[in-house]
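Hydrogens, waters and symmetry mates play no part in the numbers below; they use all other heavy atoms, side chains included. Please read these numbers as outputs of a predicted model, since none were measured by experiment. In what follows, chains carry the letters A, B, and so on, assigned in the order in which the sequence lines appear, proteins first and then strands, with residues in each chain numbered from 1.
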Protein chains: 2
Amino acid sequence: MSSCDTCLVRNRAICSALSGAEVEALNTIGRHRTLEPGQSLIWEDDESILVANVVEGVLKLSTGTEDGREQIVGVVYPADFIGRPFGGRTGHSVTALTSAKVCVFGRRDFDEFARNHPALEHKLLERTLAELERTRSWMLLLGRKSASEKVATFLIDMSERLVDTGCEGDGASLSRFELPFSRQQVADVLGLTIETVSRQFTRLKSEGVIDLPSRREIVIRNRDELEAQAG
Amino acid sequence: MSSCDTCLVRNRAICSALSGAEVEALNTIGRHRTLEPGQSLIWEDDESILVANVVEGVLKLSTGTEDGREQIVGVVYPADFIGRPFGGRTGHSVTALTSAKVCVFGRRDFDEFARNHPALEHKLLERTLAELERTRSWMLLLGRKSASEKVATFLIDMSERLVDTGCEGDGASLSRFELPFSRQQVADVLGLTIETVSRQFTRLKSEGVIDLPSRREIVIRNRDELEAQAG
DNA sequence: CGGGACTTTGAGCAGCATCAAGCGTTGTGG
DNA sequence: CCACAACGCTTGATGCTGCTCAAAGTCCCG
């Protein structure tokens, strides 16, 4: 039995475009790999030699300046696609935030397979268009929002995306979840410093908008207010 | 004779994936349209009903907050693709910066045509992946760079992209060009205020790094220094 | 129980925004 | 042909947001 058949993300990942036999063929060119938190799969400015699908866990895409400032440019969840097929370089590194499982393909193998399976390319195109849209809307946050708006928007976004890292995707949202980010990483997503993020968190807590049972746990107590503060 | 045959961007746009007969077929579902500076083709949060290819001119993609802050999330040049095929909404408006010519398609017509022409979808995928990469690298600028780094990076980027709005694309760069942006629009690209942009321009001029013969003209006098300041 | 990493809190400062004139260019009508 | 209005840009003065530097607190791990 093909391992993709039992894959948790089978129905949402790009391979949902394929028949059973095709999935099996794709399976022969890919291999599963486990990543520990902090472990990188791809480095910035690498020649693109591999692509992958997320099976489990959360990973960050990040770039930085020479003098060490970092910006997280994307976060990927189960069923998301990673890497840059069809030539070109990835301008960012890919690093696991939680322990993660990915399905890795050699870039050349994947390129060839994709070119022979238009339905897969179509899925990948839809996914890439959606990701581009999401990324663009994040630019408004980075360029124009204040620290408090940034943090509020971030918490809303996380509560929506952390729902269902399993199979169904129904656009719900959580009022209690575990952040896959450290404070520094939240800062790197929002273009802020760790101190500013921390201060915004404590302010929201003292206002009763959220609760912080532990470092990584968030409870949203007043979603309307949080949305109001998101700008 | 099909009008696309004579189209200036014929060899670089996504339709370069098509045969003569296919281009002719695509041509029957599209129509050319002229835009004046400031005129919009698509509005934010519109249900996506049309897509287009840029033939001539420069257009901006922009979003804003309810209270009027604006962020330009992308700039498109000849041969670039505009819009959101395959369902979904465009989260940004599309507005001409210069007078522009575009080749417009009804979204449903285009969707259907694309699904039947995998080579075209492939080209569109490559283009979308490249655009996503470019957009992500811009996030580093918005989130982590200082005003002076932003302006320097912007000028370098413009000098590279304004080369060849015609047919060949050889990755050269210009040392003299006309900005398709007002100061306010530069500010909206960089996430700054108009005053800060103006001050950075005058500083660079007084340092002899650039020259400003007129409001819209830029001359790069010391590209090395500009690149050094880009961070 | 102790060491180290992460987070919070505080004080002071700088960079950029805001508010407010002044200037130059372009276009219009007398 | 000139006056002047409108617009976009520049320049200046001031203040606030978020950064920097510093220290204390908390959690997690052995």
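Note: CG (A:Leu204) to C1' (C:dT7) measures 16 Å, nearest angstrom. In this structure, CZ of A:Arg203 is placed 16 Å from C1' of C:dT9, rounded to the nearest angstrom. A straight line from CG of A:Leu179 to P of C:dC6 spans 15 Å, rounded to a whole angstrom. In this entry the distance linking CZ of B:Phe201 with P of C:dC23 reads 23 Å, nearest Å. Separating the CD atom of A:Gln184 from the C1' atom of C:dA5 is a distance of 13 Å, rounded to the nearest angstrom. Whole-Å rounding puts the B:Lys145 NZ to C:dG15 P distance at 18 Å. Separating the CZ atom of B:Arg144 from the P atom of C:dG15 is a distance of 17 Å, rounded to the nearest angstrom. In this entry the distance linking CD of B:Glu217 with P of C:dT25 reads 13 Å, nearest Å.
In this structure, A:Arg183 reaches the sugar-phosphate backbone alone: every heavy-atom distance under 4.0 Å involves primed, P, OP1 or OP2 atoms, never a base. Backbone-only engagement by A:Ser146 is indicated by non-hydrogen atom pairs under 4.0 Å involving sugar-phosphate atoms exclusively. Across all strands, B:Ser182 comes closer than 4.0 Å only to sugar-phosphate atoms, never to a base (heavy-atom distances).
For B:Phe81 and B:Phe105, the ring centers sit 6.0 Å or farther from each other. Residues A:Phe201 and A:Phe154 place their aromatic rings such that the two centres sit no closer than 6.0 Å.
No side-chain heavy atom of A:Leu141 sits less than 4.5 Å from a side-chain heavy atom of B:Gln71. Using a 4.5 Å heavy-atom threshold, the side chains of A:Glu217 and A:Arg176 count as touching. Counting only heavy atoms from C-beta outward, the side chains of B:Glu70 and A:Arg144 never approach each other to under 4.5 Å. The closest side-chain heavy-atom distance from B:Leu155 to B:Leu204 is below 4.5 Å. With a 4.5 Å cut-off on side-chain heavy atoms, B:Gln185 and B:Ile72 count as touching.
Contacts between chain B and DNA chain D, taken as any atom within less than 4.0 angstrom of a protein heavy atom, begin and end at D:dG8 to D:dA13.
Non-hydrogen atoms lying under 4.0 Å from DNA chain D are contributed by A:Gly191, A:Leu192, A:Thr193, A:Glu195, A:Thr196, A:Arg199, all within residues 186-199 of chain A.
In B:Arg221, the CZ atom is not crowded: 12 or fewer heavy atoms of neighbouring residues, nucleotides or ligands sit closer than 6.0 Å.
Taking CG of B:Leu41 as the reference point, atom CG of B:Leu50 lies at 5.5 Å (rounded to 0.5 Å).
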